Amino acid sequence: MTATLRAAAPAVPQAGVVTDDAIRTHALTKRFRTGQVAVDGIDLVVPRGAVYGFLGPNGSGKTTTIRMLLGLVAPTSGRVELLGEPVPQRAAHVLPRVGALVEGPAFQPYLSGRANLARLDAVDASTDPRTARARAEAALERVGLTAAADKRYRQYSLGMKQRLGLAAALLRPRDLLVLDEPTNGLDPQGTREVRHLVRELADGGTTVLVSSHLLAEIEQVCTHVGIMGRGHLLLQGPRTELTARRAARIAVRTLADRADAAATELRRLALDDVTADRPVADGTVTVSAAVRDDAGPAPQDVTAALVRADVPVVGVDVRRPSLEDVFVELTGEGFDVAR
Amino acid sequence: MSPADTTTSVAAPVSASRAVEPPARHRGALARLVRAELALVLGRRRNLVLLVGLALVPLLLGVVLYLAQDTALAGQGPPFVSRVTGNGLFLVVASLFLCTPFLLPLTIGIASGDAIAGEASAGTLRYLLVVPVGRGRLLAVKALGALVFAAAAVLAIAVVGLVVGAALFGVGDLTLLSGSTVPLGDGVLRVAGVVAYVGLSMTGLVAVGLFFSTLTEVPVGAMAATVVVAVVSSVLDQLPQLAAIHPALLTHHWFDFAEMLRVVPSADVLAQGLAVQAGWVVVFGALAWARFTTADVTS
């Protein structure tokens, strides 16, 4: 029986559990009329309850993917399931449970922030008009925009516009939030607040897909990561697994004239990928090598061995790979391409 | 919260995240959407300026005719204008006559061309669609907003024309085109008929503007294209070589409102003019629908 089901629907293995994912795409592809393939056969899987960091440089297909998720752009081929429902077929049914910030905030410039929220609320056929005012007030409060609620949108600073966009996404309780570059234009304080907000929402059970070109900002909050590059989903999975793919490095700071001795000793300890940086002004140099958590000498053993080999150890540091390291390894290029 | 609740929320985040009820459609949702759209269209300063501009036409025309009525020029000029000093009701007709070729299409081109393209250019279209609102429904509401604005434009001319005409020239029994006279009540009804016909004559142009509005993210482009359609239609209407297509032209029947001022208005003439508008509405409404319900929203 199971075999028959699988044979009948090869693209959806274990069809019965698909609804456990907040977002799932199957071979999602978008080829624009110009012939450019913006998104090329991606299989996005965002588990329920996850904070999914959707990463990639500008032009890598993140926003086109997000537009397809929300039914704004029709896929050339492939399928989208949002909260278990096919999009765009069931978009009207599922989108009320989804809050979204797509490619920056956009509102009617000559209406106030409050009036803009009221307008979006009025468009939503599934909300109760009697509680519209309370919803708008709560959303404004949540993003710290109450004081500026009656200003015209055109007078808002970029940070205030971004906050209003978040308020619109939070106009009603959501099961899923899709936030495209939510920290764009915010100062460090605002960025911290957004991170806090995302964490708070995730704690409340909301699944969050957050895209960003600022890895460091997103790395701290996400449980899962997907990395886009040139239309392909290069990698996705739990964040800890992704960074574990790349070895940590032990970095030994020693005196410049003993760099060779340090490198020789590290090689003698059977460590891989030994490299020496250029000497810095204080006369020290950093020699580093890959270390593995499950095999080879522990950092303290490396230090002891260096000291025995008469290598002066000025400092030792074990550097865990960051998402940015993983990203650079995968794409061969810097992350902030178009910043 | 009891320990049992805690366990549930920790162990089953899936069910916790489904706390949001399945969305229901609230009664009166469409009316709420329409109200929001009308508030947007009629509350926008640019649109109010346009209405004021149109309202200035009968005001200026009335004042000029009032000041000049003793000169040798009295009784001359374009049709209807010469009759204004005799009966203020004609100020309504004369103003509509002057506005129909260009000012009214310009105003309507701006409002209808802006309908979708304006939202696209501001980026608000994507946020409306993900609220969500069905594309067909949004298009219908946008069309309604443009139609209401077109009606407001015609009414602005008519109401100010009536008030200014009555104040400066008084109103009385209406002398028809043939020279026969009908009582004031009948006359008012006939002028109301003129206003209604002019308003309905603009529906085809609204549909054209709406269609152009779905094609672009540049509202000015859609507005200009709409006005160009009206102008080109008038030009083609002047070429005798194209007489065969004249009856189907958007603007060909625009001045048939004069039928209302004949002793017995011809239902055939009026119906033909309205049928042509209906045809344009159907064709361009369908094109707009086909385009808008399938287009990728990348703005």
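Note on naming: letters A, B, ... go to the chains in the order of the sequence lines (proteins, then strands), and numbering restarts at 1 for each one. As the structure is a computational prediction, the values presented were derived from the model and not from experiment.
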Contacting moiety of A:Leu101, where chain B heavy atoms sit under 4.5 Å: both
Within 6.0 Å of CZ in A:Arg199, more than 12 heavy atoms from elsewhere: yes
Heavy atoms only, distances under 4.5 angstrom: which of A:Leu70, A:Val73, A:Val98 has the most pairs with chain B? Name it, please. A:Val73
Please list, in residue-number order, every residue in residues 199-209 of chain B that has a heavy atom less than 4.5 Å from any heavy atom of chain A; write 'none' if there are none. none
Selection residues 277-286 of chain B - residue pairs positive for salt bridge (Lys or Arg N to Asp or Glu O under 4.0 Å), sequence neighbours left out: none
Run through A:Arg133, A:Arg135, A:Arg114 and flag the one making a salt bridge (Lys or Arg N to Asp or Glu O under 4.0 Å) with A:Asp121. A:Arg135
For chain A, which residues from residues 116-125 of chain B lie under 4.5 Å away (heavy-atom distances)? B:Glu119, B:Ala122, B:Gly123, B:Thr124
For B:Trp280 and B:Phe284, take the angle between the two ring planes, folded into 0 to 90°, and tell me which bin it lands in: parallel under 30, tilted 30 to 60, perpendicular over 60. parallel
Taking every heavy-atom pair that is under 4.5 Å apart, which of A:Val102, A:Leu120, A:Leu111 has the most such pairs with chain B? A:Val102
Identify the residue among A:Arg67, A:Lys30, A:Arg33 that makes a side-chain hydrogen bond (donor to acceptor under 3.5 Å, both in side chains) with B:Asp296. A:Lys30
Who among A:Ala168, A:Gly104, A:Pro47 has the most heavy-atom pairs with chain B under 4.5 Å? A:Gly104
Are there residues of residues 40-55 of chain B whose heavy atoms fall under 4.5 Å of chain A's heavy atoms? If so, which? B:Leu40, B:Arg44, B:Arg45
So, the part of A:Ala122 with a heavy atom under 4.5 Å from chain B: the answer is both
